[in-house]
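Working notes, beginning with the structure itself.
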Amino acid sequence: LHHALPLAAMLAQQDPYAHMGEDGTEGQAAEAAQPNVPSPGSDGASAPAAERRPWACAESDALSLIGLYHTWLARGGDDAAAFALQLIPKVMREAQQLHQQLGGMLRHIFPDDPPLVTASAPPSSTEAVKLRRALTAALPDRVARLASLCDSPHEQQLLLELSKDMAPALLRRAYLAAEQGHGQLLWLRPGSRLAIARPRPRYVCFFEIV
């Protein structure tokens, strides 16, 4: 829970980077159905903790929000820290308020439990895998796979209709959702860590379509 609460608080907000502009992306993916490989969390071994780059999960945009939250808090948790990280201050403040409210609710419901301490470090590889599995279990209707893997007659007909006059290179990057978002092609947003992963994730679990 010490990682799940800030994650839930961040997922409840709008994109903290939304002020950086629209990129025309049709789909935003959150999870890749592959083992977790966290990326390095700092500029270098000698950099102070508050000055390090936010921790990011190479296979989960959603979990990377935990790194943003921790780094924002480490830099002071104020508007100046948000601007330094190119984040929207209002989004970060509201995430912190929701995090505190969730913690307060748990203390009220479970008064005999020891106080829940906010994690001071990013999740370990094992914890990240557990968090990713929990997110995937919570979003069974938001799973999509690469269009190139869609081989049923219905999927082939749908792809044929959706890909008219589309460049082959764009179609190779497209995903087709099973339920939520069905009937349209989805793409990973360019800023996503999954978008630069090679090979491309065969399956993704997404949080929202934008």
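Computed from heavy atoms alone, side chains included, the values below leave out hydrogens, waters and symmetry copies.
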Minimum heavy-atom separation for G77 to Q96, with atom names? O-OE1, 4.5 Å
Closest non-hydrogen atoms of T71 and P54, given as atom of the first, atom of the second and distance, are OG1-CA, 3.2 Å
Here the gap from I66 atom CD1 to L7 atom CG, rounded to the nearest 0.5 Å, amounts to 4.5 Å
Hydrophobic cluster membership, F110 vs L102, 4.5 Å side-chain cutoff: yes
Return yes if some donor-acceptor pair links the side-chain N/O of D113 with the main-chain N/O of R107 below 3.5 Å, else return no. no
R93 vs D78, test: salt bridge (charged side-chain N to carboxylate O under 4.0 Å, His left out). Steps then yes/no. CA-CA 8 Å; R93 290 195 304 270; D78 54 15; over 6 Å; no
Y175 and R202 have their tightest heavy-atom pair at CE2-O, 4.0 Å
By salt bridge (charged side-chain N to carboxylate O under 4.0 Å, His left out), which residues pair with K90, not counting sequence neighbours? E94
Within the side chain of S192, is there an N or O that forms a donor-acceptor pair under 3.5 Å with the backbone of L188? no
Using the rule that Ile, Leu, Val, Met, Phe, Trp and Tyr join whenever any side-chain heavy atoms are under 4.5 Å apart, tell me whether L149 and V204 fall into a single cluster. yes
Is it the case that the side chain of E155 and the backbone of S152 share a donor-acceptor pair, with hydrogens and angles ignored and the cut-off at 3.5 Å? yes
Are any side-chain N or O atoms of W187 and backbone N or O atoms of L170, one a donor and one an acceptor, separated by less than 3.5 Å? yes
Check whether S148 reaches the backbone of R172 with its side chain - one donor and one acceptor, N or O, closer than 3.5 Å. no
Is there a chain of hydrophobic side chains (I, L, V, M, F, W, Y, each step under 4.5 Å between heavy atoms) that links I196 to L65? no
For residues Y17 and L85, report the shortest heavy-atom separation together with the two atoms involved. CE2-O, 3.8 Å
Correct closest heavy-atom pair for H3 and A121 would be CE1-O, 3.0 Å
Taking only Lys NZ, Arg NE, NH1 and NH2, and the carboxylate oxygens of Asp or Glu, determine whether E127 and R132 approach each other closer than 4.0 Å. no
Non-hydrogen side-chain atoms of Q13 and L98 separated by less than 4.5 Å: yes
dist E208:CD -> Q14:CD (nearest 0.5 Å) comes out at 9.5 Å
Considering only heavy atoms from C-beta outward, does the side chain of R200 approach that of L146 to under 4.5 Å? yes
Roughly how far, to the nearest 0.5 Å, is the CG atom of L5 from the NE2 atom of H99? 5.0 Å
CZ/R189 to CZ/F206 distance, rounded to the nearest 0.5 angstrom? 14.5 Å
Any side-chain heavy-atom pair from C57 and R193 closer than 4.5 angstrom? no
Sidechain-backbone polar pair: H182 side chain, A177 backbone, donor-acceptor under 3.5 Å: yes
Beyond-backbone contact of I88 with P16, side-chain heavy atoms, under 4.5 angstrom: no
Step by step, work out the side chain to side chain contact (heavy atoms under 4.5 Å, CB included) result for C150 and L159. CA-CA 9 Å; C150 300; L159 285 175; 4.0 Å; yes
Hey, could you give me the CG/CG distance between L68 and L87, rounded to the nearest 0.5 Å? 5.5 Å
Pair Q101-Q97, side-chain donor/acceptor within less than 3.5 Å: no
Following the transitive rule for hydrophobic clusters with a side-chain heavy-atom cut-off under 4.5 Å over Ile, Leu, Val, Met, Phe, Trp and Tyr, establish whether L171 and L158 coincide in one cluster. yes
Within the supplied structure, the quantity of interest is the number of heavy atoms (other residues, nucleotides, ligands) at a distance under 6.0 Å from M166 CE; does it exceed 12? yes
Hey, does the side chain of R142 reach the backbone of F207 with a donor-acceptor pair shorter than 3.5 angstrom? yes
One should read off an interatomic distance between E161 CD and L185 CG, to the nearest 0.5 angstrom, of 11.0 Å
Grab the two heavy atoms, one from Q180 and one from I209, that are nearest each other, plus how far apart they are. O-CD1, 4.4 Å
Give the C-alpha distance, both sets of side-chain angles, the deciding distance and a yes or no for side chain to side chain contact (heavy atoms under 4.5 Å, CB included) between Q184 and L186. CA-CA 6 Å; Q184 60 181 312; L186 308 176; 3.9 Å; yes
ILVMFWY network linking Y69 to V117, side-chain heavy atoms under 4.5 angstrom: no
